[in-house]
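Atoms within a ligand are numbered from 1 in the order they appear, just like the ligands themselves. Index from 1, following the sequence. Hydrogens, waters and symmetry mates play no part in the numbers below; they use all other heavy atoms, side chains included.
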Amino acid sequence: MSEATLRKRGALDATDDDVETVDASKLEQPRKHRPRPFFSKTLGSLVVSIILFLWLQTDFLQNLLGSRISTVKEWEVVPGGVVRQVDFSADIPKRDAIVKAFKHAWAAYERDAMGNDEYHPIEKKGSNLTEAGGIGYFIVDSIDTMQIMGLQEEYESARNWVANKQSFERDGNFNTFETTIRVLGGLLSAYHFSDDDPIFLERAQDLADRLLSAFDTPSGLPKPMVNLKMRTGVNDAGYASLVSTAEASTLQLELRYLSFLTDNDEYWHKAEKVMKVIKAARLPSGLAPIYMSADNGQFLISDIRLGSRSDSYYEYLLKQYIQTNRTESVYREMYEDAMQAIHKTLLLKGVKKHMTWTAELLPQHRPANQIDWQLQPKQDHLVCFLGGSLMLGATVTGARVRSVPIPPTASDLSIAGKRDWMTGSQLIETCMDTYDTPTGLAPEIAHFYVPDDGRERVGEQDWYIKGNESPDNPSYDARYILRPETVESLFIAFRLTGDIRYRDYGWKIFQAIEKYCRVETGGYASILDVSNAQSKLEDKMETFLMSETLKYLYLLFSDANVLPLNEYVFNTEAHPFPVFTPSIRTGFS
Ligand code: DMJ
């Protein structure tokens, strides 16, 4: 199955822009956004590289961005300065309501689609990612949530399927990244929470051995797809060596943990090689464009953003450092550079409520091989992982002490730590603001007003949903597809502050999901227009509802000693892996 087809099915986090960027026929034409190697051997490319370097080093972008956020002036543990209440005991009624929702979703899937990769609750049927048959995408993504919630009956049923029906002998093309984060990640955490039930590790190893074929490229960056039966990596249909940055750099926690469990260093080295290539290719600014070439390991001239195709690159820089018990300083350095760059070039303040948000940069080709970076004032829902991630990072890379108190005081954090903490907590407020809609749910993409954009300012908010004027024809941006990023950040923020506001926020989101996405006959669907309380539903229940959204909500209302953040690291699909001290060390710096 082609990547484009996967995207249509919703398995990838693509935006309309992505679809345009990787479309094969369009890539043949000279286009403004066509990805091109940054550092080809021609002089022209060298000039481009130098200009790019200078631009990203100077205040060029800052001037361009105008209302760029300033550095931290005053320390605030939470926006507004007052921590409302520190109470880490479980909120049992709310926690139980989340369990009930999970059971409602699982029961419908099990009844209508057991064994299928995907579920459509309105039609009450399942579908698979390829015609070759399912690989346990939905089931495996759900297992550790059952284990954490203590759902024995559901767990037995899922485990039974894994033990007796799951097969990776499928002659079809599966997305390397999605299969790793959902299926490999799910099997590894299921293994951990089952007290080492060997079936999960056997399956994980079998899958990983097949996925390794993706790394067989000149640079070591993985191909985007793998034919699991043939054990061959498969190129993007449109642009042979195209690799998404996030997809290449979000396999490391899974492969490293597998390596640790099996004592097989090959997984570790494949994952590490990718990071080495990225580090060597990285822009001096610390930012990463969304595409790379698997042939030469260089970045392609492509969008710079924190949402789709780059989000988890930043997430995994921090998490690789945490996973390895803070022994791998190379990841810490890469993370610190990246956060510095984000602050320098991508953070802005809203024009009305002055909320903090993150912009995107689009390359515009100019004569003589020059590039202008055009500000794109939009923020994907996906970016909402960053609030919690920055706060977590502040307590790790930005901490003056090994074990930061909860909530931290100003003296516990370095200057960068305070900066990241404050930005993180402000971004969470912004993400919550995007949930301030008639349905109480946030759009897939929020556009922000910027000075002199010539747009009519509608309402009181800093943001709007672009192109969503006709209720009969909602824009792509207006959807809510059960995404987890905001509740993920709420969970982290609550654990690090104990401020009850984060539970209140999470409860509000959960109630909105119950009201607008719940399908009475079973399951939850996506909604097409968050700005319309009568919105139609889209017949898709994403697997990340099971692995992430409901898990993070459950943990938000659980006692804080369930999966403490200093003992576990969550992969990008919310599969928790224990932190460990590796016996091998990263071989680059
Ligand atoms: C998940 O599959 C992962 O969190 C991924 O990193 C980003 N997108 C989805 C959820 O929105």
Output the list of atoms in ligand 1 that are nearer than 4.0 Å to some heavy atom of [X], sorted by atom number.
X      : answer
Pro484 : 10 (C), 11 (O)
Leu382 : 7 (C), 8 (N), 11 (O)
Arg483 : 8 (N), 9 (C), 10 (C), 11 (O)

Ignoring hydrogens, just give me the one of Thr572, Leu482, Thr250 whose non-hydrogen atom is nearest atom 5 (C) of ligand 1.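 Residue with the shortest heavy-atom distance to the ligand atom: Thr572.
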Among the heavy atoms of [X], does any lie under 4.0 Å from an atom of ligand 1?
X      : answer
Arg182 : yes
Ile181 : yes
Glu485 : yes

Please determine if Arg479 forms a cation-pi arrangement with Tyr476, meaning its NZ or CZ atom is less than 6.0 Å from the six-membered ring centre and no more than 45° off the ring axis.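 Yes, cation above the ring, under 6.0 Å and within 45°.
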Geometric N/O contact [X] with ligand 1, under 3.5 angstrom:
X      : result
Glu573 : yes
Asp311 : no
Glu178 : no

Ring centre gap for Tyr568 and His192 strictly below 6.0 Å: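 Tyr568 vs His192: aromatic centres under 6.0 Å.
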Apply disulfide bond (SG atoms under 2.5 Å apart) to Cys431 and list each qualifying residue two or more places apart in sequence or on a separate chain.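 Cys431: disulfide bond (SG atoms under 2.5 Å apart) contacts with Cys384.
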Under-4.0 Å salt bridge between Asp206 and Arg210: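 Looking at Arg210 together with Asp206, the answer is yes, because their closest N to O distance falls below 4.0 Å.
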Do Glu315 and Lys319 meet the salt-bridge criterion of a basic N to acidic O distance under 4.0 Å?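 Salt bridge: yes.
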Using 30° and 60° as the class limits, which term best fits the ring planes of Tyr502 and Tyr505: parallel, tilted or perpendicular?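 Geometry flag for Tyr505 against Tyr502: perpendicular rings.
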